[in-house]
Structures are given as C-alpha cells and as structure tokens.
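Computed from a predicted structure; not experimentally measured. Every chain is numbered from 1 and lettered A, B, ... according to where its sequence line falls, protein lines coming before strand lines.
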Amino acid sequence: MSDSNEFAELLWENGQAVVHGRRKQTQAAFPPFTCGAASSSRAQEKQPGTDPVALLKTGLFGDFSSGLDATRDNVDLDDTVPWINYPIVEEDTAAPALAESYSPDFFSELHAAAVAAAATNLSALPPPVQHTGNNNNRSTPVATTSRGPEPAKETHRIPIAGPATRPEPQAEFAATRKPRPEGGGEGLMNFSLFSRPAAMARASLQRPPQTGTDKASNVTTSTRVESTVLQSASGQRTAPVFADQRTPWSQSKEVRFSCAAAPTTATAGNLQQEMPRDMTPQKKVETRKASEVAVATSSVCSGNGAGIGNDESWRQQKRKSQAECSASQDDDLDDDSGGMRRSGSRGTKRSRTAEVHNLSERRRRDRINEKMRALQELIPNCNKIDKASMLDEAIEYLKTLQLQVQMMSMGSGLCIPPMLLPPTMQHLQIPPIAHFPHLGMGLGYGMGVLDMNSTAAVPFPPMPGAHFPCSMIPGTPPQGLGMPGRNTMPMFGVPGQAIHPSASSIQPFPSLAGLPVRPNLAPQASAVMANMVQEQQQGATQQQQSLNNEAQQGANTGDPQLQTTVQAENQHFSVPYSAQTESNQFLDGGGNRTDTTGRNEAET
Amino acid sequence: MSSRRSRSRQSGSSRITEEQISDLVSKLQDLLPEARLQSNARVPSARVLQETCNYIRSLHQEVDDLSERLSELLATSDMSSAQAAVIRSLLM
C-alpha cells in the first residue's frame, strides 16, 4: 500500500482529487496508473526537489526512476517541457485516434451497464457483448457494487473498473482535465470532442491501453496531428513551445520528436518489467500470465487481468487486439513497438542511454529550430514551410544583402572622392574605385590584358550576380577617346571576371569612357579611363611598380581624408580581401601608365 | 537496440531533409565572414544559424547606414547625372 501512496503522490500533478482517491486503490487497480505516475513524475521534474521523484526512486519504480534521474541531470527546463507535455497528451489525446481499433477491448473492461451507457455515447463503437460475462467475473466485489451508479452518473467514470473509491477521483480527475482543453482555446477540432462528455468518456476509456507498450508509437504515428493540437491545448500548463503555432514545420517536427523520444520508450520498457514483478506477490495470480498481460497489453488491462487472473481467453483477446493494433499502424510504428518490446525484455540500460541520447539530440534540435525561427523572421517575405527551402532563401538573401552592402559602399566610394578631392588629385581615386569590384575588375583586367599580359593570370574570386556598374552608367557616345573595338574583347574573355550578361549589351569601356574625360575635371572613373585610354594610345606597356607604390604614398600623404575613407571602407567591407586584391590588381594596371606615374611623381 | 531503432526512426522520415539541411547550413557558413566563426572546426548548426542571424542583422545595419550616406550624397553633391542615377539605383 505504500506503493499506492507513492503513486498517489505522483498523480497529484494531474489533479488534486487523484491524490486521495488513488491511495485507497487496491493493488489490482494500481498498475493502470503506473504510466500516469511515470508521466507525472516527468512533469514533476520541472520542480526540483519535490518529493514524488524522490519517492519514485525508493519505490517499486526504483529502476525506472533512476533512469529518469539520470536523464534529469542532462535536461534543462527547456527540454522537460516537451516531456511534460507529452504524457498529458498521451492520456488525453492518444486515445481518440485509437478508438476504432481499441474500442472492443476497452469495453470488455467495463461493466455491462457501463458498456451500455458508453455505447450510447460512442455510437461508432460496437458494444462488445461477448466480453461482458468476463467482465463480471473479473471485477472485484467492491468494484461491482460501486459500478451500478457510475455509468448512470457520469460517463467518464465508466472506464474505471477499479474499486468503489476510484470513480470519485477519476471523476474529478476527468473534471480537472476537462477545462484544460477549453482553456487552451486553440479552437481546433479535437477540443470540441474533448469538451463533450462523450468525448471525455472515450478519452478515459482509451486511456488504459495507450499506457502500454504501444503508447509511444501510437502517439507518435497515428495521432501526430491531434497531439500537436492538444499539446497546445494543455500547453497552458507547461510548454510554450508547443502552444506556439507559428512555425508549422518546427512544430510538427518537435511533436514528433517528443513523442518518439526515449522517455516513452523507456517507460514502456521499464513498466513492462516492473509491473508484473510488483503484482505477483500481492495478487497471487499466476505470475507468468500476469506478466504476459503486462507486457503484451496495457497496464490497466494487466492490472485487471491480474486481479481476475483466470481469464485466459480475455487476455488472449487483448493480446490479439494489440497485435492488430500495431499491425494497423505504420511501418515505423511497428518498428518502434518492436524495439520497445525488445528493450523491455533485454534490460533498461540501453533504453536509458537512448533516453539520454535522445534528450541531447532533442535539445540540439530545439536549439536549431529556435534559430531557424529567428532566421526566418529576419528574412522578408519568407513563407517557406520546410526548413530546406527556408535555408535556401536565407542563403539567397544573405548573398543579396552582401551584394547590396558591397554596391552601396562602392557607390559611396565612387562618389565621395570627387567631392573630397581637388581635381589634381584624381590619381588618388584609384583605391576607392577598387571597391567597385566588377568595374574595377573590368578595368584592371582590361588594362592588364591590354597592357601587360601578366595580370590576367592573377586569380580573382568570381563575383556571381554582380551586375552593377556598366549597364547602369549611361553610355554616352565616346568622345573621340572611345576604346578601340578590340580592347573590349579581352575583358570579357578574362576568366573570373564578372561582368553581368546584361552589361554586354553596353560595352563597359565605352560606357565608362562616355563619362566626362577631361583629366582635371572628370570624376574618378572617367579620369582613370582617360588615363587608360591615353596609355593605350601611347602604347606604353612597361611596368613600374615602384611608381605605383609612390602613387599609393601620394594618396596617403596627399589626402588623409580619402585615405581614412578608404581604410574605413576596407574594414567595413564584408569582402575586404577581394577588394584589396582588386585594388592591387588595378594599381598594377594603373602603375603602367607613364603619364599617371608622372603625375604622381609631380604631386609627391 | 532501442536507441538505434528509435533514433533511426525519428530521423528516418526526415533523413533526407536532415542531410539537405546540414548541407545548406554549411553553405550558409561559407557565406559568413571568417571572423564570425572559428572555422576549420565543425561548427554546430545552431551556432551557424545564430551567427547568420547576427550577420544578417549587421548587414541590415550596414545597409541602413550606407543608404543614409548615399542619400546625403545625393542631396548635397553636384555630381553628374550618371552618378546620381547610380546612387539612386543603389538606394532602391
């Protein structure tokens, strides 16, 4: 009886009334609630230091609770949330989905009158007449006496085949449960079912079998959608994660994950082992049969079966129905229950490690899902439901953003220097132009190819999607300085040079050369172009790196403001190295100009 | 046994997307500036995603700053119409 006391403690989480009522239950009535105890103990993990967990450790659940304890260390509150939710969902929701397959067996547990009453509520379920005789045989004297009024009073008491004291807590339990879905107020289909008494009855009717081996798998597969809904309904108690419906993919994933997680597996396995052990001394029933029932069927069923003991046919039917049930589920459900059964027979160690592993795994997933959600919020117009396309979008958006920032800094780099610099300093504008990657590249490579073939060999990261400059600059007709037609070709031919296809309609050089090209007044781009064109016309091809450096120095000394601007932009830039590469590249090209260098020298 | 089974089961139906996602996350990681992640070592996906979020936010900030700057430029400078057009197109 101390066991049942413990048990009552554990159930306190689900409803106040349960505590007192359950305490008086006979041992036969006890096993049905072991799962409930387990679930509530999970719930209690949220409150460290509460007695129930400690009680669990010392009680007959020692094995199981130690497993729980071991996992508890590894779980923070975030992780317990799905857990806590899950047991609730088991009790409340898993049943309806299973109603079809389980109904005959559930009714077999009911008193005949109860069956009749229930049948009126659950018209879809055929009353299992063949079981009524067995039910009478099985039921304990106390239970039979108390059962008469039960069905008449409240339908949700019907499922309880326990002693007389039991209906009371159960009624209250159900009553406490009832407002929960309503309070959740998600307005989903299942809620209406649950708010109705008939639905309540069905839920509590179905509760026993789902606590058995199948419960995890059942919840996982057949009632996945419903469990989501109801988790959010019961989420008013606990999990904010599940109450939050905004991201469907993460929602369903998490639900599924929590359902499939080890705790349920371990629970099932451990319960299978422990319940028979517990029952045998007290009930003096054939232990083998009792344990068989416990393993093969739900805990409630096994409890009653142990109480009655002799009803072999009933048990066989139970088992058969279980087999049918699992057969009717998905493939992976079968896998799951099979795995659980095996783990139950082999030992709890593995399931415990699995529990730990799954918990960490789930925590990891939770974290990822959280970040995914955050990321999704950062991406405008991202309505993608699945993670993969969301990430795709994120990648694209990130690229776009990078490009945008790049272009904008280029744009400001392009425009600031002309204002800051006196006309005589135009040669200093080379570095900022280098921030114009494609343009700079175009120029640099073009010049490199034209003037010195060596620069073409310099590798440069391609700039996909770079479509800025050339097409945007209105190409006025070349003013006598237009590039020779042949010069445009090598530019396009340079590998890695990224000129957007749209730019090919307007040839880069002519379009740039179209800008004002008077050396002393022109903006930098045209000034550079002018230099280049002059260079080409002069046909000078010698490299003068030292002069190039001098030009750089001139930039440093001549205009500190520009220099800081350039540096700031280089730091600011998300791809500084590429800009630097361009800059060097460009300077290589620019350094070749004798007239440019001459001017540099003159200025320095 | 049960651990392997349940694990493979839980990731079973989402296996393909799991791989896809880790693939995408690594792509995302490539886009991040090196400084944000100590590269080479395998960075957990959650961290990559976190850094991506931060990076996107910083890029947003940058875009805001730059467009402010560009609009100032546009308002104050006596640049050529071509440059103005460029800047306007950037500010879009």
Side-chain angles (χ1 to χ4, degrees), chain A residues 253 256-257 260-262 265-266 269 332 335-336 338-340 342-343 346 350-351 353-355 357-358 361 364 367-368 370-372 374-375 378-379 386-388 391-392 394-395 397-399 401-402 404-405 407-409 411-412 414-416 418-419 468-469 472-474 515-516 523 572 574, chain B residues 1-14 16-18 20-21 23-25 27-28 30-34 44-53 55-60 62-63 65-67 69-70 72-74 76-87 89-91:
Chain A
K253 275 282 159 59
R256 195 166 159 275
F257 189 82
T265 317
D332 55 2
D335 283 354
D336 210 41
M340 277 193 291
R342 234 162 297 163
S343 73
R346 283 191 192 184
R350 273 186 182 155
S351 59
T353 56
E355 205 173 316
H357 176 81
N358 278 326
E361 177 78 9
R364 177 181 157 269
R367 245 185 274 122
I368 290 176
E370 188 189 326
K371 307 294 183 210
M372 288 256 195
L375 191 57
L378 283 173
I379 300 172
D386 65 313
K387 288 186 206 173
L391 278 176
D392 259 334
I395 290 171
Y397 182 60
L398 195 54
K399 282 180 184 167
L401 263 186
Q402 283 180 337
Q404 193 183 1
V405 168
M407 290 199 310
M408 288 179 116
S409 47
S412 55
L414 177 70
C415 299
I416 290 177
M419 300 190 306
F468 164 62
M472 287 176 176
I473 298 176
L515 295 171
H572 200 52
S574 58
Chain B
M1 177 62 79
S2 81
S3 71
R4 212 178 307 143
R5 271 182 166 272
S6 63
R7 178 148 184 248
S8 70
R9 202 198 59 69
Q10 71 186 220
S11 58
S13 63
S14 59
I16 295 166
T17 58
E18 187 83 5
Q20 278 178 344
I21 283 166
D23 202 44
L24 289 168
V25 165
K27 274 189 199 166
L28 211 51
D30 291 342
L31 285 176
L32 297 179
E34 306 268 328
S45 298
R47 184 153 152 67
V48 171
L49 291 172
Q50 177 66 53
E51 288 301 329
T52 306
C53 290
Y55 184 48
I56 286 180
R57 283 192 199 99
S58 74
L59 282 179
H60 279 160
E62 213 163 327
V63 166
D65 291 348
L66 281 170
S67 38
R69 202 165 132 198
L70 282 175
E72 277 174 21
L73 269 179
L74 204 57
T76 60
S77 79
D78 51 352
M79 66 188 70
S80 71
S81 63
Q83 281 175 314
V86 169
I87 291 179
S89 70
L90 284 175
L91 281 176

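Contact check for B/Ile21 versus A/Ile368: no side-chain heavy atoms found under the 4.5 Å cut-off. Within the 4.5 Å cutoff, the side chain of A/Ile395 has no heavy atoms near those of the B/Thr52 side chain. With a 4.5 Å cut-off on side-chain heavy atoms, A/Leu398 and B/Leu59 count as touching.
With sequence neighbours excluded, the residues that form a side chain to side chain contact (heavy atoms under 4.5 Å, CB included) with A/Leu378 are B/Cys53, B/Ile56, B/Arg57. Shown here are the side chain to side chain contact (heavy atoms under 4.5 Å, CB included) partners of B/Asp30, two or more places apart in sequence or in another chain: there are none.
Atom CZ of A/Arg364 sits about 5.5 Å away from atom OG of B/Ser45, to the nearest 0.5 Å.
Of the listed residues (A/Met408, A/Arg367, A/Lys399), the one with the most heavy-atom contacts under 4.5 Å to chain B is A/Met408.
Of all heavy-atom pairs between B/Leu31 and A/Gln402, the closest is O-NE2, 2.8 Å.
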